[in-house]
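Predicted, not measured: the structure shown is a model, and the values here were computed from it.
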Amino acid sequence: MSVARRSAGADTDEILGRLRALRARDAPTHGGRVLSYVYDSGRGELDELADAAASLARPLNGLDPTVFPSIAVMERDLVGFTRRVLHGGRSVVGSITSGGTESCLLAVKTARDLWRRAHPEGGRPRLLTSTNAHAAFQKAALLFDLDVDAVPCCENGAVRAADLVERMGDDVAMVVVSAPAYPSGVLDPIEEVAAAADDRGISCHVDACFGGFVLPWWPGLPRWDFRARGVTSMSADLHKFGYAPKGVSVLLHRGRRRHRAQFFATTRWAGYPVVNPTLLGSRSASPLAAAWAITQHLGERGYAELVGSIQRVAAAVRTAVDGIRGLSVMGEPTGPAMTLVADASAPPEQQVDPYHLADALVGRGWRIQHQPGRLQSDGVRIPHSAHLTFTPVLEQRITEFTDALRSASDSVRGRPRANARMLAAGLRALGYGEGGRVPGPAVSWRLLRLAGADAVPSGRPMAQLMALIEQLPPPVAEALLTELLARGSEPR
Ligand SMILES: Cc1ncc(COP(=O)(O)O)c(C=O)c1O
């Protein structure tokens, strides 16, 4: 019986025992076996320090740093550390947010507000991105009422600067480039795009949520941070390669005026004056304190050492993949990610399908991330793939991983990719996807059951569900996925 359903409160040991049992069914968060979502430095002392700092800050409310000045001090230190490693200089200021999505949302909101100020005649601003830019920018455009203009990227995940520059116009509130892009691990042509945006007076955001605490120590890169002319804002997540627990990111702006446009302030209600730099009102200071403690402990040198591990892992995996028949790396990744695709130059019976590979790795104790392929507006298809995020801890068992990669590839080589065309065609025949028609909750659930995808417990093969997602019109796929997630947290 669920603890919450009991009439009397449960014993603390029992509650924690139950939570431990629930957690035992989760994918492992430590040890590097999950190559997405979690970022393990491999240094246990960092987790202990983070827990102690988070616990000290737990009762605080980040809503008002004038009442709890420790929050302002920690924010100041974190913004200072981040702007230093991103070469921001004294004119760069910023805020701590709850994560990458919030940093991206606020960057867009800020650019939109500045654009509106500069365009009193009105109109609808455009957010210029690429198909590689994180989905958070689509969310931002939806929430803040901008049109998304996502230019197609090359089949190998690279974005051409000229494609973005060509689309720059007076209605563009902001152009987004990534350092690197999550789906491909490729570094966008930041210098060229930012300079062109600068020449036209357009804001340019570098989304370094993923690479912001890795690339500063990665050798041989072109200018990708505030050293590049025209970069007006940057996001960098402390809860990724900053190794802090979830709930903390940094958003930096070039210039106070831009930063202040991020704020919401009002004295126009019956209560206390509300001044929020972020989307939330009351907010936890625990992730902030944990991130603060970790950066104080690691310093730039500590981060540089951890990046050394990531580089060695990336090199070892690259060598392994280059030696696997039928499998290849998409494009030229820079930093802590790599994307695996079937080698299209090999005959079908020699190809390693990335979805089957990902599923086969689960049985060997490893998780890599399925990424659906995508037909872009220019007709260029980005192939379906598997994403790998490399964390420092993986260096400790790199041979085990590359052996697993080889044996999993051998076990699926030549297996044709999963196909959900029949179901997708059936849905089309029923009119779903036509004119924006999407199934409601009951039909979506029935369809998921039909596809055998109504329960995707941790570790179950995903190839079939992913094939279905790829082959359905996006609004239908989005309705099915919404249903899948929503059902999971409905009370039973
Ligand atoms: C480049 C990039 N931007 C933004 C985000 C969104 O971050 P979050 O999941 O912390 O909201 C991610 C997450 O992976 C990312 O890789």
Side-chain angles (χ1 to χ4, degrees), residues 31-36 38-42 154-158 179-187 210-211 214-222 240-241 303-347 349-371 382-415:
R33 291 190 164 276
V34 176
L35 285 88
S36 55
V38 287
Y39 299 80
D40 183 4
S41 67
C154 308
E155 204 185 356
N156 66 4
Y182 185 86
S184 60
V186 172
L187 184 65
F210 189 66
V214 175
L215 298 192
W217 300 280
W218 202 271
L221 302 185
K240 292 192 173 75
F241 289 100
Y303 280 103
E305 283 166 15
L306 291 167
V307 170
S309 293
I310 296 170
Q311 275 182 269
R312 289 187 288 277
V313 167
V317 175
R318 176 90 215 202
T319 306
V321 174
D322 286 348
I324 295 175
R325 211 170 359 106
L327 187 65
S328 59
V329 172
M330 180 195 274
E332 284 304 319
T334 300
M338 188 179 282
T339 298
L340 303 180
V341 289
D343 179 0
S345 68
E349 68 278 9
Q350 295 287 327
Q351 290 186 11
V352 174
D353 177 79
Y355 287 174
H356 291 319
L357 172 64
D359 286 344
L361 277 169
V362 174
R364 292 163 173 78
W366 299 91
R367 303 284 182 90
I368 62 176
Q369 195 175 35
H370 303 70
Q371 292 192 134
I382 303 174
H384 70 296
S385 62
H387 166 102
L388 281 61
T389 290
F390 302 132
T391 50
V393 72
L394 189 53
E395 192 177 19
Q396 295 170 16
R397 42 168 61 112
I398 187 63
T399 310
E400 205 188 321
F401 178 61
T402 49
D403 285 350
L405 208 52
R406 273 186 284 269
S407 84
S409 298
D410 290 345
S411 74
V412 300
R413 183 170 297 107
R415 208 167 135 200

Side chains of [X] and [Y]: does their closest heavy-atom pair fall under 4.5 Å?
{"X": "Tyr39", "Y": "Thr389", "value": "yes"}
{"X": "Phe241", "Y": "Thr391", "value": "yes"}
{"X": "Ile310", "Y": "Trp218", "value": "yes"}
{"X": "Leu35", "Y": "Leu394", "value": "yes"}
{"X": "Pro216", "Y": "Tyr303", "value": "no"}
{"X": "Pro354", "Y": "His384", "value": "yes"}
{"X": "Leu187", "Y": "Leu215", "value": "yes"}
{"X": "Pro180", "Y": "Val186", "value": "no"}

Over all atoms of both residues, closest heavy-atom pair of [X] and [Y]:
{"X": "Val352", "Y": "Arg413", "answer": "CG2-NE, 3.9 Å"}
{"X": "Gln351", "Y": "Ala342", "answer": "OE1-CB, 3.8 Å"}
{"X": "Ala316", "Y": "Ile398", "answer": "CB-CG1, 3.7 Å"}

Filter on side chain to side chain donor-acceptor pair (under 3.5 Å), then keep only pairs touching residues 334-345, sequence neighbours left out; what's left?
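The answer is Asp343-Ser345.
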Could I get the full list of side-chain contact (heavy atoms from CB on, under 4.5 Å) partners for Ala408, not counting sequence neighbours?
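Checked Ala408 against side-chain contact (heavy atoms from CB on, under 4.5 Å); matches are Leu357, Ala360, Leu361, Arg364.
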Excluding sequence neighbours, so at least two apart, what forms side-chain contact (heavy atoms from CB on, under 4.5 Å) with Ala181?
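Result, side-chain contact (heavy atoms from CB on, under 4.5 Å) vs Ala181: Asn132, Ser178, Pro183, Ser184.
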Set of residues satisfying salt bridge (charged side-chain N to carboxylate O under 4.0 Å, His left out) with respect to Arg33, sequence neighbours excluded:
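So Arg33 forms a salt bridge (charged side-chain N to carboxylate O under 4.0 Å, His left out) with Glu400.
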As an exercise, state the distance from CE of Met338 to CG of Leu340, rounded to the nearest 0.5 Å.
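If I round to the nearest 0.5 Å, the distance is 7.0 Å.
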Find the distance between CG (Leu306) and CG (Asp40) and round it off to the nearest 0.5 Å.
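Going from CG on Leu306 over to CG on Asp40, the span is 10.0 Å.
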Taking distance alone, no hydrogens or angles, what donor-acceptor pairs closer than 3.5 Å link side-chain atoms of residues 317-330 to residues at least two apart or in another chain?
from	atom 1	to	atom 2	distance (Å)
Thr319	OG1	Ala315	O	2.9
Arg325	NH1	Gln350	OE1	2.3

Regarding Tyr182 and Gln371, do their side chains bring together a donor and an acceptor under 3.5 Å, going by distance alone?
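Looking only at side-chain atoms, Gln371 and Tyr182 do not form any donor-acceptor pair under 3.5 Å.
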Decide whether His387 and Ser385 meet the rule of one side-chain donor and one side-chain acceptor closer than 3.5 Å.
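His387 vs Ser385: no donor-acceptor pair found between side chains.
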How would you list all residue pairs meeting ring-ring contact (aromatic ring centres under 6.0 Å, His included) that involve residues 389-413, not counting sequence neighbours?
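Matches after skipping sequence neighbours: Trp366-Phe401.
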